[in-house]
Enquirer: 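Sharing a structure with you now.
Chain naming here is simple, since letters A, B, ... match the order of the sequence lines and numbering starts at 1 in each. The basis for the numbers below is simple: all heavy atoms, side chains too, and nothing from hydrogens, waters or symmetry mates.
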Amino acid sequence: MTFTDLNLGLATPEIFLAIASLVLLVIGVSLGDKRMRLVAWASVLALVVAIFLTASDSNSGLAFQGLFVADGFARFAKILSFGAAAVAIVMSLDYAERENMARFELPLLMLLASLGMGLMISANDLISLYVGLELQSLALYVVAAIRRDTVKSTEAGLKYFVLGALSSGMLLYGSSLIYGFTGSTNFSILASALTGDAGLGLIVGIVFLCAGLAFKVSAVPFHMWTPDVYEGAPTPITAFFAAAPKMAAIALFTRVLVGPFGDMVGQWQQIIIFISVASMILGAVAAIYQKNIKRLMAYSSIGNVGYALVGLASGTQEGVSGLLTYMAIYIVMTIGSFAVILAMRRKGEAVEEIGDLAGLSRSQPALAYALAIFMFSMAGIPPFAGFFGKLFVFMAAIQAGLNVTAVIGVLASVVSAFYYIRIIKVMFFDQPTESFDRVAPTLRLVLAVTAIVITFGFLAASPFVDMTADAASVLFVE
Amino acid sequence: MIVQTIAFYVFAAVAVVSALLVVGNRNPVYSVLFLILTFFNVAALFVLIGAEFLAMMLVVVYVGAVAVLFLFVVMMLDINFVELRQGFVRYLPIGAVVGVILAAELIFVMVGTGLGTAVAGSPTPPIDQVSNTEALGNIMYTQYFYLFQVAGLVLLVAMMGAIVLTHREREGVRRQRIAAQVDRTRASVQLTKVKTGEGATGGVTGGGVK
């Protein structure tokens, strides 16, 4: 084996991110917390460069002796994850300074988490899956607890850590069973060795692997940590959690099930159908009682993961393409909604209750209309982008013969429309309370861009759907 | 051959006896020390079957880190071990069930079950051709080079996390200033005569050393 056999060129974005984070760590340590803004903007720049590196390289193949794969699917998911992470870092700047958590490690940990996401998305082996996932999760546990002097934040970090460690254990146990019953951890070898019928031991392994991954995407019945962690973590960190890692974990989930276990659709399809239906129903029902908007967004994200998993449950190329479309739209909606939540500050204090939005349409109409757009979109009302996301996953499900799942999905979507539209009612028809503080310019920019994308996204629907179809087709080449 | 057999029985007997003493000892510090003895004997057993890498890892990781950590915890925390010991009889059935399950698993493995077989080939390298330290080194820095690097990044994040979550800037901490110390000349050093028995508080209370 020689050095060129490693095919390092395929991993350029990840290598760049790793080196950038090490360099920025040294810069951060020598400049101290006062220059957090510099480190943060440099991290954003590093992510933007990584996006360009990802987008500009159209070579596909295996690197690092088959442990790492670069293909169209990975590129699509990486661009979304890195983009979401970059926006989350930008959104965290103002908040970090006001809430006394401006430490240069914050953007760096988010950068390292993004690196972990890149490695997860490109994993082509059970071991590289695990190390990528662990790199990402470990960084996330720390950023959840970054406001270490508040009880809520430390509680969120601890809960996330303990439950995350449990799920990692399940994932590893599943991986070890799969390795034991097949003799390989490599996805390519597994894909060619596993055709159709499999032994009981292997299926138990796949179930444990699915349980571990379902935890990472916060799908029912492994969702318990989500509301507490989303509520307790600082708001820009919650925005980060809800967007970037979710995309990476869903992409990983898809690659694992469709790649090495692609011929065993019959075995894992029922599991995915169950967790997706359960997530949709719980996301719709449990969110109704929430008063805290961050908890509401947590349940909403559980529901949204359920809808995305409908695409995976169909197990077809259309399904995966729909899943990618759905996740892309979900990320934009989530970031936009969290930008509004971040703007909810009164006299310098952050407020998080839904009641605090009362009468927003009169005090800050722009903010109210933006949130209304995101809520209509989440509820799945045309012509907003969220409608098309749901349309594609449900269409794929019906084509795959999963009519019941699709019908339950539509019903859950109707139920969830209740709480999304209730927020709009509070903003437009309730008596106004005090108005919010001036919104930071970076947040206004994020809001404007996301609102425009969600409203006018349908104009670019057909090229975008072609893109997701291309990305999904990679996984189904025999 | 006979030497190996004798060595096996000696190490195995000491391992079993010291393992029993770990559980049966009244003093937790002795328990941990017996645990270390068990680890050493098990390491010797590993050497006997040719698993020298595992033996070294057991000594380095378990004795060097884990057992010493145990020792620290036992010595630093005020845990009433007599209280912990109560209810032994009450929990005996549960312990017995766990023991039976473990024994059953061992028997299953030895007899071999019909759960399925490896379909993609055997992962173990031929043990008579290459020593296992060499085999591990061979793949760790070539085939699994990527994982080795990422594991390094994971450890970096763990270290950063520990610092972010626990490090605090304290006021009034006197740090050693090496540059200033090296820079001193004879003239800048001042000798002060300190009265004995009056403490370092400079006579604020006038009291002696507590």
Enquirer: Decide whether N25(B) and S31(B) meet the rule of one side-chain donor and one side-chain acceptor closer than 3.5 Å.
Expert: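 N25(B) vs S31(B): no donor-acceptor pair found between side chains.
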Enquirer: Tell me, do L156(B) and L22(A) make a side-chain contact under 4.5 Å, heavy atoms counted?
Expert: yes
Enquirer: Are the side chains of L202(A) and I178(A) in touch, meaning some heavy atoms are under 4.5 Å apart?
Expert: yes
Enquirer: With a 4.5 Å heavy-atom cut-off, do Y160(A) and L163(A) have their side chains touching?
Expert: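 When only atoms from C-beta onward are counted, L163(A) and Y160(A) do not touch, as no gap falls below 4.5 Å.
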Enquirer: Rounded to the nearest 0.5 Å, what separation is found between the CG atom of D125(A) and the CD1 atom of I189(A)?
Expert: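 Output value for this atom pair is 8.5 Å.
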Enquirer: Where along residues 145-152 of chain A does a heavy atom come under 4.5 Å of chain B, listed by residue number?
Expert: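 A145(A), I146(A), R148(A), D149(A), listed by number.
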Enquirer: Any luck finding a side-chain donor-acceptor pair between N186(A) and S188(A) under 3.5 Å?
Expert: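 The answer is yes; a qualifying pair exists.
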Enquirer: Side chains of L171(A) and L129(A): closer than 4.5 Å at any heavy-atom pair?
Expert: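 Sidechains of L129(A) and L171(A): in contact.
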Enquirer: Distance check, rounded to the nearest 0.5 Å: M160(B) atom CE versus L108(A) atom CG?
Expert: 5.0 Å
Enquirer: Hey, could you give me the OG/CG distance between S21(A) and L115(A), rounded to the nearest 0.5 Å?
Expert: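 Between atom OG of S21(A) and atom CG of L115(A) there are 6.0 Å.
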Enquirer: Is the side chain of S153(A) donor-acceptor paired with the backbone N or O of A144(A) at a distance under 3.5 Å, no angle test?
Expert: yes
Enquirer: So which bits of residues 58-73 of chain B come within less than 4.5 Å of chain A, counting non-hydrogen atoms only?
Expert: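 Those residues of residues 58-73 of chain B which would need a heavy atom under 4.5 Å from chain A do not exist here.
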Enquirer: Side chain, backbone, both or neither: which part of L155(B) has a heavy atom under 4.5 Å from chain A?
Expert: neither
Enquirer: Checking heavy atoms, do the side chain of L112(A), its backbone, both or neither come under 4.5 Å from chain B?
Expert: side chain
Enquirer: So which part of L106(A) gets closer than 4.5 Å to some heavy atom of chain B, the side chain, the backbone, both or neither?
Expert: neither
Enquirer: Side chain from CB out, backbone as N, CA, C, O: work out which of these in Y141(A) comes under 4.5 Å of a heavy atom of chain B, or both, or neither.
Expert: neither
Enquirer: Considering residues, nucleotides and ligands other than F16(A), do more than 12 of their heavy atoms fall under 6.0 Å from its CZ?
Expert: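 More than 12 heavy atoms, drawn from other residues, nucleotides or ligands, come within 6.0 Å of this atom.
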